[in-house]
S.K.: 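Can you read through this structure? Questions will come right after.
By convention here, the first residue in the shown sequence is residue 1.
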Amino acid sequence: MIIKSVGKKGVYTADIIIPCYDTDAAFYLKPASFMDFAQELAYYASNDLGFGYNQLKEHNTAWVLSRVHIEFLNMPVWKEQVSLDTWHKGLDGLFFLRDFKMKNQKNEVLINCTTSWLVIDTA
């Protein structure tokens, strides 16, 4: 995964070439592997915003993923080059929302995802 940079309006982008070990027997991206990519990109985004793992650890708090809603529109395949975007979507009560969008080289959306996160006291 290659993190490009902070783009427009707080959008973070990663360029990914789907590796074989992240695919199933039919060479489609595994849903769990998509979530691994998303979690890694979310780490970099939250870190740049000042709310990353190390910053929260200093205050005995941590991010906890509470809910996930994913739409798999067209699964990427082994060796396909894709981009994964993420951005902070705002608050919903106690939940911090983060969206993700995976697109192919033709800019077609492959996967849409919204995650809901909580900050908890680790003590």
S.K.: Does Asp121 form a side-chain contact (heavy atoms from CB on, under 4.5 Å) with Asn60? I'd like the steps, not just the answer.
M.R.: CA-CA 6 Å; Asp121 186 333; Asn60 296 317; 4.3 Å; yes
S.K.: Please test Asp85 against Thr13 for side-chain hydrogen bond (donor to acceptor under 3.5 Å, both in side chains), starting from the C-alpha separation and ending with a verdict.
M.R.: CA-CA 4 Å; Asp85 296 336; Thr13 301; 2.7 Å; yes
S.K.: What do the steps show when you test Val11 against Thr86 for side-chain contact (heavy atoms from CB on, under 4.5 Å), and what is the final call?
M.R.: CA-CA 6 Å; Val11 176; Thr86 188; over 6 Å; no
S.K.: Taking NZ, NE, NH1 and NH2 as the nitrogens, is one of them in Asp99 or Lys89 under 4.0 Å from a carboxylate oxygen of the other?
M.R.: yes
S.K.: Could you check Leu29 against Phe37 for side-chain contact (heavy atoms from CB on, under 4.5 Å), going step by step and ending with a plain yes or no?
M.R.: CA-CA 11 Å; Leu29 178 67; Phe37 292 144; 3.8 Å; yes
S.K.: If you compare all heavy atoms of Phe100 against all heavy atoms of Phe34, which two are closest, and at what distance to 0.1 Å?
M.R.: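 Looking at all heavy atoms of both residues, the closest pair is CB-CZ, 4.3 Å.
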S.K.: Identify, with sequence neighbours excluded, every residue that meets side-chain contact (heavy atoms from CB on, under 4.5 Å) alongside Lys30.
M.R.: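 Lys30 satisfies side-chain contact (heavy atoms from CB on, under 4.5 Å) with Asp24, Ser33 only.
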S.K.: Can you see which heavy atom on Leu65 is nearest to which on Met35, and at what distance?
M.R.: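 What the structure gives for the nearest pair is CD2-CE, 4.2 Å.
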S.K.: Roughly how far, to the nearest 0.5 Å, is the OH atom of Tyr12 from the OH atom of Tyr44?
M.R.: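 One finds 12.5 Å between OH of Tyr44 and OH of Tyr12.
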S.K.: When you group the ILVMFWY residues by side-chain heavy-atom contacts below 4.5 Å and let the links chain together, are Leu49 and Phe96 in the same group?
M.R.: yes
S.K.: Decide yes or no for Glu108 and Asn74: does some side-chain heavy atom of the first lie under 4.5 Å from some side-chain heavy atom of the second?
M.R.: no
S.K.: Using the rule that Ile, Leu, Val, Met, Phe, Trp and Tyr join whenever any side-chain heavy atoms are under 4.5 Å apart, tell me whether Val119 and Leu91 fall into a single cluster.
M.R.: yes
S.K.: With a 4.5 Å heavy-atom cut-off, do Val109 and Lys101 have their side chains touching?
M.R.: yes
S.K.: Considering residues at least two apart in sequence or located in another chain, which fulfil the side-chain contact (heavy atoms from CB on, under 4.5 Å) criterion with Glu71?
M.R.: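 Partners of Glu71 under the side-chain contact (heavy atoms from CB on, under 4.5 Å) test: His69, Leu73, Asn112.
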S.K.: Taking the side chain as C-beta and beyond, is there a heavy-atom pair between Leu118 and Trp63 under 4.5 Å?
M.R.: no
S.K.: Okay, side chain of Glu80, backbone of Val77: is any donor-acceptor separation there less than 3.5 Å?
M.R.: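 Confirmed, Glu80 side chain pairs with Val77 backbone.
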S.K.: Taking the side chain as everything from C-beta on, heavy atoms only, tell me whether Val82 gets closer than 4.5 Å to Leu110.
M.R.: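 Heavy-atom side-chain distance check passes, below 4.5 Å.
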S.K.: Around atom CG of Leu94, are there more than 12 heavy atoms of other residues, nucleotides or ligands at under 6.0 Å?
M.R.: no
S.K.: Please assess Phe95 against Ser66 for the test side-chain contact (heavy atoms from CB on, under 4.5 Å), listing each intermediate value before the final yes or no.
M.R.: CA-CA 8 Å; Phe95 298 98; Ser66 177; 3.3 Å; yes
S.K.: By side-chain contact (heavy atoms from CB on, under 4.5 Å), which residues pair with Phe72, not counting sequence neighbours?
M.R.: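 Only Pro31, Ile70, Met75, Ile111 meet the side-chain contact (heavy atoms from CB on, under 4.5 Å) criterion with Phe72.
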S.K.: Look up atom CD1 in Ile120 and atom OG1 in Thr61, then write down how far apart they are to the nearest 0.5 Å.
M.R.: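 The CD1 atom of Ile120 sits 9.0 Å away from the OG1 atom of Thr61.
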S.K.: Locate the shortest heavy-atom distance separating Ile18 from Trp78; write the atom from each residue and the value.
M.R.: O-CD1, 3.4 Å
S.K.: Would a single hydrophobic cluster contain both Leu56 and Val64, if residues Ile, Leu, Val, Met, Phe, Trp and Tyr are joined by side-chain heavy-atom contacts under 4.5 Å?
M.R.: no
S.K.: Which value, rounded to the nearest 0.5 Å, describes the distance between His88 atom NE2 and Ser46 atom OG?
M.R.: 11.0 Å
S.K.: Let me confirm one number: the CG-OG distance from Asp15 to Ser83, rounded to the nearest 0.5 Å.
M.R.: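 Here the interatomic distance stands at 6.5 Å.
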